[in-house]
Amino acid sequence: MPIDRTTVSDEEALNFHQYPTPGKIGLLPTKNMATQRDLALAYSPGVAAPVRAIAADPDTAYDYTSKGNTVAVISNGTAILGLGNLGALASKPVMEGKAVLFKRFADIDSFDIEVATQDPDEFITVVKNITGAFGGVNLEDIKSPECFIIESALQDMADIPVFHDDQHGTAIIAAAGLINALKITGKKIEDVKFVLCGAGAAGLSTLSLVKSMGVKPENTTVVDIHGVVYRGRAEDMDQWKAVHATDTDKRTLAEAMDGADVVLGLSAKGVITPEMVASMAPNPIIFAMANPDPEITPEDVAKVRSDAIVATGRSDYPNQANNVLGFPYIFRGALDVRARRVNDEMKIAAARALAELAREDVPDEVAAAYQGRRLKFGPDYIIPTPFDPRLIWYIPPFVAQAAMDSGVARRPIEDMEAYRKTLEKRLDPSAGFLQNITAAVRSRPHKRIVFAEGEDISVIRAAHAFKQQELGIPILCGRENLVEANMRAAGLDPAEEGIEIVNARLSHRNSAYSQLLYNRLQRKGFLKRDVDRLINQDRNSFAAAMVLSGHADGMVTGVTRSFDQAFDEVLRVVDPAPGGRVMGMSIVLARGKTVFIADTTVAVLPSPVDLAEIAIEAAMAVRRMGHTPRVAFMSYSTFGNPAGERGERVAEAVKVLEQRGVDFEFEGEMPPDVALNPDQWANYPFQRLTAPANVLIMPAIHSASIGTKLIEALGGATVVGPLLLGLSKPVQICQLSDNVSKILTMATFAAYDIRANGY
């Protein structure tokens with residue numbers, strides 16, 4: 001599968017997989033199991049009824065078990081990512097990861113199964129005997145040519161889809177890109193000269209698919225490590241290559257690419273040269289999809305051709321061909337019609353659906369992921385982004401319809417529009433939130449973020465990750481010798497890292513920073529020597545002065561001292577934004593919900609006016625992050641019942657907001673269960689929310705802090721922040737002793753700069 005450029009240390013990856021629970025997947029019951037009666041229905045004697053029903057009619061297993069929404073992810077570990085043949089058990093982390101992607105993108109449950117044999121016949125026998133338990137089988141990381149033998153045999157034996165994603169996933173995404181590239185260049189598929197560079201499973205499957213779409217066999221040339229695959233060649237040939245051999249006198253990749261319209265690379269870094277690209281036909285289409293580095297980079301293509309359309313497998317270039325655009329939605333459509341197989345018609349339907357989606361207007365959610373930069377159909381946008389929320393309801397209906405039309409569907413869908421609506425409900429809106437923020441920051445990786453506590457090992461590791469993930473330019477504040485020593489302790493080489501280190505005691509900017517701060521504090525009881533001491537000895541003061549002076553674009557701190565202390569030190573240097581409200585906002589990412597909670601850090605007991613201003617600041621931030629704010633003011637009271645001073649204070653805040661004439665929905669006072677559950681709204685027909693609230697304004701800091709920390713401690717949700725909002729410069733303050741991931745997230749939000757970029 002194409003991968004992005006995110007890098008992590010081995011230690012961080014191992015800790016992620018081990019804590020707090022080993023592995024990445026688990027099992028949760030879909031029914032209540034609280035009472036003895038629940039258990040009696042779930043097991044004995046309740047299971048007897050569905051057992052008898054399935055014995056009488058096996059198809060009812062789709063009705064009474066999880067079969068219809070379950071895929072087996074199966075490997076023998078003979079071709080694990082780019083790591084090679086490391087064995088079945090070693091493939092388990094990858095298979096668990098694939099199961100996570102199925103759930104994340106298409107709400108499909110998966111079981112990973114690692115079969116400890118490299119004998120194709122033995123593997124086939126094992127898988128054949130368990131297919132009845134699943135709605136589909138995803139084969140993964142099986143080396144060529146055994147993967148062809150295994151998939152073909154199992155599909156003939158099984159009565160459910162058997163899909164080798166390494167072959168067909170890549171083929172479908174590449175075919176989608178080809179459809180749109182041909183549309184842009186005005187070329188016809190039956191006329192193009194097509195070169196395949198790399199004759200592995202993915203390449204040969206892609207070639208087979210595009211041939212079934214209209215590419216003429218006589219217009220194709222396959223090139224492997226030995227050169228052109230021509231009729232009569234004896235070296236390193238097999239039946240799968242031989243079927244694509246052609247009568248040609250060309251023997252090298254350079255000769256094959258001369259005059260070609262399309263080249264599809266699934267081989268190795270640097271195989272395609274600029275000279276080869278220069279020899280191609282006008283408006284060439286180049287899919288350089290080797291991982292982790294392409295056969296040729298878009299930059300090198302641009303040096304010799306201004307008319308080329310280029311796609312790669314990397315997220316840091318336009319037109320990323322990513323398998324995650326395919327397999328979740330193909331299986332979703334196949335499962336929903338209880339398909340017996342995934343055939344060429346379904347693959348082509350998926351490719352055409354992806355191509356059509358790329359031509360649609362890009363929604364606000366995707367624009368938010370790129371900080372408002374509009375993606376528009378054209379040479380740099382021929383394949384949809386994985387962040388597009390429409391994928392879940394756009395692609396599966398095409399696949400399902402093709403299954404129905406080609407006769408492999410057991411249960412046809414009668415109302416396709418109703419089906420699309422059910423798919424839309426499967427989308428977990430919280431799942432892509434942080435990915436969107438990260439993508440936005442990565443699209444503008446020039447921001448300089450100063451890490452104020454640069455001597456701390458966790459901070460150093462977070463700065464390393466910030467740089468490696470191309471989120472921006474980190475600056476570590478601390479004594480050089482100690483920073484470098486702790487870098488080595490973290491397994492990093494200071495010389496190779498190339499991260500800037502600034503020493504607050506020795507910086508040539510101290511005098512200027514000190515004067516800047518003295519001008520701010522001289523009438524607030526500070527002497528010049530007090531300010532000199534702050535700049536020279538307090539890293540928060542120094543780092544904040546860097547940001548205020550424009551020598552850094554943002555800062556992150558708080559790991560080694562309390563929030564209140566860090567906050568006070570920052571406020572000495574950085575003012576609130578004009579018209580802004582300084583506040584803290586936590587983000588709760590739960591299954592199916594993204595909820596923003598404010599104020600969680602600053603206002604201890606806000607007045608009605610304070611609450612209204614907090615709501616305005618929070619709503620603006622939420623809108624900037626790609627969500628439509630619906631604000632609810634929290635209280636123990638529901639519209640005056642029971643009455644009390646604290647509830648009245650919240651109700652007064654609602655009146656203040658009414659007078660402000662804001663442009664977002666709001667309501668209150670109400671408890672969380674009313675704000676988040678429309679089923680309770682029948683008793684309050686006057687309430688104004690059109691959907692569940694997603695911005696909760698807490699009546700006081702204690703309720704906000706207790707509520708968010710309780711959610712995080714209980715598990716089942718991710719809490720981000722609190723984010724610091726309302727300052728004139730982007731500053732984020734971590735919680736004391738935050739881990740590397742949380743520090744990195746806060747640095748990412750500092751680079752995102754919610755206020756400056758959005759409103």
Side-chain angles (χ1 to χ4, degrees), residues 144-145 167 170-171 174-175 177-179 181-182 185 187-291 293-298 300-313 319 321:
S144 175
Q167 294 181 53
T170 301
L178 178 62
I179 291 169
L182 293 176
T185 59
K187 297 183 178 184
K188 295 181 179 180
I189 195 167
E190 62 270 20
D191 296 334
V192 296
K193 294 181 179 179
F194 190 103
V195 175
L196 170 62
C197 175
L204 295 178
S205 295
T206 303
L207 184 56
S208 294
L209 186 61
V210 298
K211 282 183 176 180
S212 67
M213 294 169 57
V215 172
K216 291 182 178 179
E218 60 268 27
N219 288 343
T220 66
T221 306
V222 178
V223 184
D224 65 7
I225 194 170
H226 304 292
V228 171
V229 176
Y230 58 90
R231 287 202 180 110
R233 196 183 94 170
E235 186 179 13
D236 192 23
M237 292 294 288
D238 55 43
Q239 66 190 80
W240 297 279
K241 286 184 189 177
V243 74
H244 297 294
T246 55
D247 291 317
T248 177
D249 57 0
K250 296 179 179 180
R251 294 294 182 265
T252 67
L253 178 60
E255 292 172 355
M257 286 182 59
D258 187 11
D261 297 285
V262 182
V263 61
L264 172 67
L266 285 159
S267 54
K269 175 183 177 181
V271 169
I272 297 175
T273 67
E275 291 75 18
M276 295 177 189
V277 171
S279 73
M280 294 180 71
N283 302 308
I285 299 165
I286 302 162
F287 283 25
M289 292 163 55
N291 277 314
D293 297 299
E295 286 82 358
I296 186 169
T297 65
D300 285 340
V301 171
K303 291 175 182 177
V304 294
R305 299 299 293 258
S306 61
D307 58 344
I309 295 177
V310 185
T312 72
N319 299 326

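Every value quoted in this text rests on a predicted model; they were computed, and no experiment measured them.
Annotation: side chain of T170 is not in contact with side chain of S205 (no heavy-atom distance under 4.5 Å). In this structure the side chain of K241 reaches within 4.5 angstrom of the side chain of D236, judged on heavy atoms. Counting heavy atoms from C-beta on, the side chains of P217 and T246 never come closer than 4.5 Å. Two residues are said to be in side-chain contact when any heavy atoms from C-beta on lie closer than 4.5 Å; L204 and L196 meet this criterion. Put simply, the side chain of L253 does not reach to within 4.5 Å of the side chain of E295, judged on heavy atoms. Residues N219 and F194 form no side-chain contact, since every pair of their non-hydrogen atoms from C-beta on lies 4.5 Å or further apart. Looking only at side-chain heavy atoms (C-beta outward), Y230 and K250 stay at 4.5 Å or farther from each other.
Here the closest non-hydrogen pair linking A256 and V223 is CB-CG2, 4.0 Å. When all heavy atoms of M257 and V277 are compared, the pair lying nearest together is CE-N, 4.1 Å. Here the closest heavy-atom approach between residue N283 and residue R305 is recorded as N-NH2, 3.8 Å. Residues P274 and V304 come closest through the heavy atom pair O-CG2, 3.6 Å. Heavy atoms only, all atoms of each residue included: D238 and P145 are closest at OD2-CB, 4.5 Å. Between M289 and L264, the shortest heavy-atom distance links the atoms SD-CD1, 3.7 Å.
We find the OG1-NZ distance between T220 and K193 to be 12.0 Å, quoted to the nearest 0.5 Å. For the atom pair CG of N319 and CD1 of I286, the computed distance is 12.0 Å after rounding to the nearest 0.5 Å. For the atom pair T185 OG1 and D307 CG, the distance stands at 10.0 Å (nearest 0.5 Å). Once rounded to the nearest 0.5 Å, the distance linking NE2 of H226 with CZ of R233 reads 6.0 Å. Separating the CD1 atom in I189 from the NZ atom in K211 is a distance of 12.5 Å, to the nearest 0.5 Å.
For the side chain to side chain contact (heavy atoms under 4.5 Å, CB included) criterion with V262, the lone passing option out of L178, V195, I309 is L178.
For the salt bridge (charged side-chain N to carboxylate O under 4.0 Å, His left out) condition, the pairs that include at least one residue of residues 256-279, sequence neighbours left out, are K187-D261.
Taking a cutoff of 4.0 Å between a charged side-chain nitrogen and a carboxylate oxygen, K303 and D300 qualify as a salt bridge.
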Quick one: do M276 and I296 satisfy side chain to side chain contact (heavy atoms under 4.5 Å, CB included)? Show the steps, please. CA-CA 10 Å; M276 295 177 189; I296 186 169; over 6 Å; no
